Amino acid sequence: LLELVGREASYSFDDSAVKRLAELPALIAAITTSGLCLLVILGLTTAFGHPLSANQATVDNKAALSEETVARGHKLFFLHCAECHGFNGKGTDDGPDLYDLREGNALIRQVITGGVRREMPAFGKKLNDSDVQALIAYLRTLRNGRG
Amino acid sequence: MTALGWSRLHGAATHFPIALLFCAAFFDFLALVLHRSSSRVDYQAIGYWLVILSGLGSFVAVVSGLALTQWKLVGTGSLRQHHLFVWPAFALMVGLATWRSLVGKSPSRPAFIGYMTLLMATCAIVAGAGWSGGELLVR
């Protein structure tokens, strides 16, 4: 019986006052570390989050609102994308459906200009920045179900 | 690295800390419920290492995500929603991993109950971060 009680005691939680006292500084250290990490993140975003990306987003959003730009994007889509993604953008065996894209403009631009290895050619040399903006504007209309 | 590269790295890196955190919560919950079992110490040891690895993994996920979004702290729309989950989740994961690494595998029972409560809340917030992150990509 004594052996059983001893074994049970060794399995139970160590609730000694000393142990509890040691847990408080650990809590303070944990809160401090979390706070410091968030501060580092804030510093990184302030240092590297250049305003150009915000301007680019504004340009893209403005482009998306212009019907002329959308129409130009539609033409470019027919010329360069429809062969794989289908003339309605719904996709074919060679390329995915482009409706309801949730990716950000930066990633879409990167895919268009840089391509996807073994999956999609790069259009960076064929299309200039204005063309890519127009294409994104057209793709956004597909997202809105107007394409 | 290109935006697509960061996207792929972020996609690969985010799932590890999420899975590790959920597994840590599972094993620590077992330890709490089966506190009279001889396996409790083992469950707590597993929970201990998993939560620390999860905390370490969260740094890769966060840095790759920030690089992908061009270092936007909050952003707009769906990205903003994602970040509203991500930052509390990241702070909690780092805090929990730090506390656990300092107090060891087997804290006192009251402290462990408090830790478990916070761990469960963190799992819920991390789930929200994962869901909103998936919403950014799912078509």
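Lettering follows sequence order; numbering is per chain, from 1. Just so it is clear, the values below take in all heavy atoms, side chains as well, and ignore hydrogens, waters and symmetry mates. All figures in this text were calculated on a predicted structure; none of them were measured in a lab.
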Q. Given the rule that I, L, V, M, F, W and Y join up when any side-chain heavy atoms are under 4.5 Å apart, are A:Val40 and B:Val60 in one cluster?
A. no
Q. Are B:Leu53 and B:Val103 in one and the same hydrophobic cluster, where Ile, Leu, Val, Met, Phe, Trp and Tyr link if side-chain heavy atoms are under 4.5 Å apart?
A. yes
Extract all donor-acceptor atom pairs below 3.5 Å that involve side chains of residues 16-29 of chain B and protein atoms in other chains or at least two apart in sequence.
| from | atom 1 | to | atom 2 | distance (Å) |
| --- | --- | --- | --- | --- |
| B:Asp28 | OD1 | B:Arg100 | NH1 | 3.3 |
| B:Asp28 | OD2 | B:Arg100 | NH1 | 2.8 |

Q. Do B:Tyr48 and B:Leu56 belong together in a cluster built from hydrophobic side chains that touch within less than 4.5 Å?
A. yes
Q.
Please check this pair: side chain of A:Glu23 against backbone of B:Ser108, looking for a donor-acceptor N/O pair closer than 3.5 Å.
A. yes
Q | Connected via hydrophobic side-chain network under 4.5 Å: B:Leu84 and B:Leu68 | A | no
Q. Roughly how far apart are A:Thr33 OG1 and B:Leu96 CG, rounded to 0.5 Å?
A. 11.5 Å
(Q) According to a hydrophobic-cluster definition based on side-chain heavy atoms being under 4.5 Å apart (Ile, Leu, Val, Met, Phe, Trp, Tyr only), do B:Met93 and B:Trp131 belong together? (A) no
Q | Residue part contacting chain A, namely of B:Tyr115, when any heavy atom lies under 4.5 Å | A | neither
Q. Quick one: CG on B:Leu118 to CG on A:Leu27, what's the gap to the nearest 0.5 Å?
A. 9.0 Å
Q. Which heavy-atom pair separates A:Leu38 from B:Trp87 by the least distance, and what is that distance?
A. CD2-O, 4.0 Å
Sequence neighbours excluded and cut-off under 3.5 Å, please list the side-chain donor-acceptor pairs for residues 71-83 of chain A, or say none.
| from | atom 1 | to | atom 2 | distance (Å) |
| --- | --- | --- | --- | --- |
| A:Arg72 | NH1 | A:Asp131 | OD1 | 2.7 |
| A:Arg72 | NH2 | A:Ser130 | O | 3.1 |
| A:Arg72 | NH2 | A:Ser130 | OG | 2.5 |
| A:His74 | NE2 | A:Tyr138 | OH | 3.3 |

Q) Should B:Phe90 and A:Ile41 count as side-chain neighbours, where that means a heavy-atom distance under 4.5 Å? A) yes
Q) How many angstroms lie between OG1 in B:Thr98 and CD1 in A:Ile28, if you round to the nearest 0.5 Å? A) 13.5 Å
Q) B:Leu73, B:Leu92, B:Val63, B:Leu66: which one forms the most heavy-atom pairs within less than 4.5 Å of chain A? A) B:Leu73
**Q.** Segment of B:Val62 engaging chain A (4.5 angstrom heavy-atom cut-off)
**A.** side chain
(Q) Check whether A:Ser34 reaches the backbone of B:Ala91 with its side chain - one donor and one acceptor, N or O, closer than 3.5 Å. (A) yes
Q | Contact check, side chains of B:Trp99 and A:Ile31, non-hydrogen atoms, under 4.5 Å | A | no
**Q.** Shortest non-hydrogen separation from B:Arg8 to A:Val116 and the atoms involved
**A.** NH2-CG1, 3.4 Å
Q. In terms of heavy-atom pairs under 4.5 Å, which option from A:Gly35, A:Cys37, A:Gly114 contacts chain B the most?
A. A:Cys37
